[in-house]
Amino acid sequence: MHNRSDQFAKSLLRDGLSLVSAAETEVEVLAATQKIDVYSVPDPARDAERARMGLLGELAAEPSLFEPFHGTPSLRQVRRCLRKQLTWHHELERRARAAAGAVVPEEDADAPLQPPVAFPALVVISPGRPETVLDAYRCEPAQPAVYHAVPGLVTRVVVLAELPRTRATLMLRLLGSGRILREALADLAALPDDAWEKSIATPLLIHFRLGTEEPAIDEEDEVSAEIRAWVEEYERKLRAEARTEGRAEEAARAVLTALRVRGIAVPDVARERILAEKDPETLERWLERAIVAASLAEVLDGLS
């Protein structure tokens, strides 16, 4: 009966709409493969840790898709993100049914799950204010620089240029460029050495920003120079720690860390050789030669 009613509804709409339009039924929708930039599911056991993460922790309080943009996104770009959000929720429901061993007849495939699968939030991170997006989805300010779309979309828009310069917003401001990134780097440098933000951001900043050959305006050149200074200071610190500790194991790990943040691949055979070396001075000499060569493979034969 359900199937017959469904067919009747489709046929009635098709034939009625055919009077004024080209209408057809059972139109197959082919979904192109998409990838979510970052998908986060909060761990209830780590609520206390999340609470100290500031705005990023607040945005991660529920299952969320994070979609950062280098330039202010257009309405079309955000629609692609909404398509990911809807498609991913559908996939989560499919997985939940499969995990429960449910065999669902085709006509009941849309029946609600018990318990229901949470609809994931979408967090769009924009360097500038995307006016067309905010207008199209009736976004309202929830807090400074954070806008919520109409409730049914479960979509948040974060405008980096509007974020207050506080520690609570630091991790998000590091996603910016120009003035925003420069200020964020200064704020990061001012934190204590054991700050959790430094442990996360410093190796990544060094690894992904060092040695970029992309043409840049003067403002970006200043940021690149600042990050190069970070690299040099970070390596000096690693070497000093190795010498202070005076232990071969610590020195070897310092060398491996420095190579990693430099983006120099370390084959397994080289890693084993480094960890087996007992002389910290030899390890430091290897590190210097690898940095000059920009590839550990080029100096493997000369390690001595």
Side-chain angles (χ1 to χ4, degrees), residues 24-43 50 53 55-100 102 104 106 108-113 115-140 142 145-161 163 171-177 180-181 200-201 204 207-209 212 214 263:
E24 54 184 311
T25 60
E26 303 292 344
V27 179
E28 187 174 358
V29 178
L30 299 176
T33 300
Q34 290 183 290
K35 292 183 179 180
I36 298 167
D37 285 353
V38 177
Y39 180 59
S40 168
V41 178
D43 181 351
R50 185 176 54 77
M53 293 179 66
L55 181 56
L56 181 60
E58 291 179 34
L59 294 169
E62 57 188 326
S64 301
L65 294 77
F66 286 84
E67 297 288 337
F69 286 87
H70 183 69
T72 301
S74 65
L75 185 57
R76 182 179 181 183
Q77 288 174 306
V78 173
R79 282 175 178 154
R80 293 196 196 106
C81 295
L82 289 167
R83 187 164 69 244
K84 293 184 194 180
Q85 181 190 32
L86 292 166
T87 303
W88 181 238
H89 181 245
H90 177 75
E91 172 62 14
L92 291 174
E93 288 191 322
R94 186 195 67 77
R95 293 183 184 184
R97 285 193 171 91
V104 183
E106 184 177 348
D108 295 327
D110 292 328
L113 283 162
V117 175
F119 190 77
L122 169 63
V123 181
V124 175
I125 301 174
S126 170
R129 185 182 175 88
E131 294 289 358
T132 56
V133 175
L134 298 179
D135 290 344
Y137 298 120
R138 302 291 189 269
C139 297
E140 297 291 339
V146 180
Y147 299 84
H148 286 193
V150 290
L153 292 179
V154 198
T155 296
R156 293 83 171 89
V157 179
V158 180
V159 181
L160 299 180
L163 286 172
M171 290 296 282
L172 287 166
R173 288 187 289 118
L174 286 168
L175 300 176
S177 60
I180 296 172
L181 177 56
I200 296 295
L204 294 174
H207 178 69
F208 287 104
R209 299 276 182 169
T212 177
E214 296 178 4

Any Cys81 side-chain heavy atom under 4.5 Å of Phe69 side chain: yes
Distance, nearest 0.5 Å, that separates OG1 of Thr72 from CG of Leu160: 9.0 Å
Shortest non-hydrogen separation from His70 to Pro127 and the atoms involved: O-CG, 3.3 Å
Nearest heavy atoms of Phe66 and Ser64, plus distance in Å: CE1-CB, 3.7 Å
Residue pairs involving residues 115-138 (criterion salt bridge (Lys or Arg N to Asp or Glu O under 4.0 Å); sequence neighbours excluded): Arg129-Glu131, Arg129-Glu162
Residues in ring-ring contact (aromatic ring centres under 6.0 Å, His included) contact with Phe119, at least two apart in sequence or another chain: His89
Minimum-distance pair of heavy atoms, taken over all atoms of Leu181 and Gly176: CB-O, 3.6 Å
Interatomic spacing from CG in Leu122 to CG in Leu153 - rounded to 0.5 Å: 9.0 Å
Salt bridge (Lys or Arg N to Asp or Glu O under 4.0 Å) partners of residues 58-71, not counting sequence neighbours, each pair once: Glu62-Arg156, Glu67-Lys84
Results of side-chain contact (heavy atoms from CB on, under 4.5 Å) for Ser74 - residues two or more places apart only: Arg76, Gln77
Separation between CG of Leu75 and CZ of Arg80, rounded to the nearest 0.5 Å: 11.0 Å
Residues forming a side-chain hydrogen bond (donor to acceptor under 3.5 Å, both in side chains) with Gln85, sequence neighbours excluded: none
Residue list, side-chain contact (heavy atoms from CB on, under 4.5 Å) with Met171, at least two apart or on another chain: Leu56, Leu174, Trp196, Glu197, Ile200
Side-chain (Thr87) to main-chain (Arg83) donor-acceptor, under 3.5 angstrom: yes
Nearest heavy atoms of Ala96 and Val117, plus distance in Å: CB-CG2, 3.8 Å
Evaluation steps, side-chain contact (heavy atoms from CB on, under 4.5 Å), between Val158 and Leu59: CA-CA 10 Å; Val158 180; Leu59 294 169; 3.8 Å; yes
Qualifying residues under side-chain hydrogen bond (donor to acceptor under 3.5 Å, both in side chains), relative to Arg173, sequence neighbours excluded: Thr169, Asp187
Expected list for residues 35-42: side-chain donor-acceptor pairs under 3.5 angstrom, two or more places apart:
none

Derivation of the side-chain contact (heavy atoms from CB on, under 4.5 Å) call for Ser126 and Tyr147: CA-CA 11 Å; Ser126 170; Tyr147 299 84; over 6 Å; no
With sequence neighbours excluded, residues passing side-chain hydrogen bond (donor to acceptor under 3.5 Å, both in side chains) with Glu91: Arg94, Arg95
Stepwise side-chain contact (heavy atoms from CB on, under 4.5 Å) check, Val157 with Tyr137: CA-CA 10 Å; Val157 179; Tyr137 298 120; over 6 Å; no
Side-chain touch Val133/Val124, heavy atoms, less than 4.5 angstrom: no
